Amino acid sequence: MTRERDVGTFQKPVTIGLASSEINFSSTREAAEMLLYDWPIGETARRIQARMACMKVLGGGSPPEVARVAFLSAAKEAKNLNA
């Protein structure tokens, strides 16, 4: 039986820099919640694609790396990616 967290765990976390702090995202679920509720810029094609990728991973249709790559792309667009 697969635990919920195992479904979308990233092999390497993504670090996002916000105004007052940095946040490490280590799972598809964490990335999806950020994209849905706390994204620092408005709606863009990359944000929509990243959300869709996250939902596909959480539904079991894609590996976590698909969501991670899309999340990285959206973060770069929002200029919130800390390398």
Side-chain angles (χ1 to χ4, degrees):
M1 182 170 164
T2 303
R3 289 178 287 139
E4 182 176 318
R5 178 156 165 68
D6 294 338
V7 172
T9 302
F10 296 155
Q11 288 185 1
K12 182 179 177 187
V14 176
T15 301
I16 300 290
L18 300 176
S20 61
S21 65
E22 289 184 350
I23 302 173
N24 288 316
F25 294 85
S26 58
S27 73
T28 301
R29 182 167 306 281
E30 292 171 352
E33 288 176 357
M34 177 70 176
L35 288 161
L36 286 167
Y37 305 119
D38 296 316
W39 204 243
I41 65 171
E43 201 68 22
T44 66
R46 287 185 187 179
R47 181 182 179 194
I48 292 167
Q49 290 170 345
R51 281 198 320 252
M52 290 173 62
C54 288
M55 296 303 118
K56 197 168 186 180
V57 170
L58 292 172
S62 294
E65 187 63 15
V66 170
R68 185 179 183 280
V69 169
F71 186 59
L72 280 167
S73 178
K76 286 177 185 176
E77 177 184 56
K79 297 180 175 42
N80 282 340
L81 182 65
N82 289 348

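Since we're looking at a predicted model, the values are computed, not measured.
- Interatomic distance, OG1 of Thr28 versus CD of Glu33, reported as 11.0 Å (0.5 Å rounding).
- Met52 shares a hydrophobic cluster with Ile48; the chain of contacts runs through ILVMFWY side chains whose heavy atoms sit under 4.5 Å apart.
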Show me, pair by pair, the donor-acceptor contacts under 3.5 angstrom made by side chains of residues 63-71, not counting sequence neighbours?
| from | atom 1 | to | atom 2 | distance (Å) |
| --- | --- | --- | --- | --- |
| Arg68 | NE | Lys12 | O | 2.6 |
| Arg68 | NH2 | Lys12 | O | 3.4 |

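- To the nearest 0.5 Å, the span separating CE on Met55 from OG on Ser62 amounts to 12.0 Å.
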Side-chain donor/acceptor pairs under 3.5 Å, residues 34-44, sequence neighbours excluded:
| from | atom 1 | to | atom 2 | distance (Å) |
| --- | --- | --- | --- | --- |
| Glu43 | OE1 | Arg47 | NH1 | 3.4 |
| Glu43 | OE1 | Arg51 | NH1 | 3.3 |
| Glu43 | OE2 | Arg51 | NH1 | 3.0 |
| Glu43 | OE2 | Arg51 | NH2 | 2.7 |
| Thr44 | OG1 | Arg47 | N | 3.1 |
| Thr44 | OG1 | Glu77 | OE1 | 2.6 |

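- One finds the OG1 atom of Thr15 at 9.5 Å from the CG atom of Leu72 (value rounded to the nearest 0.5 Å).
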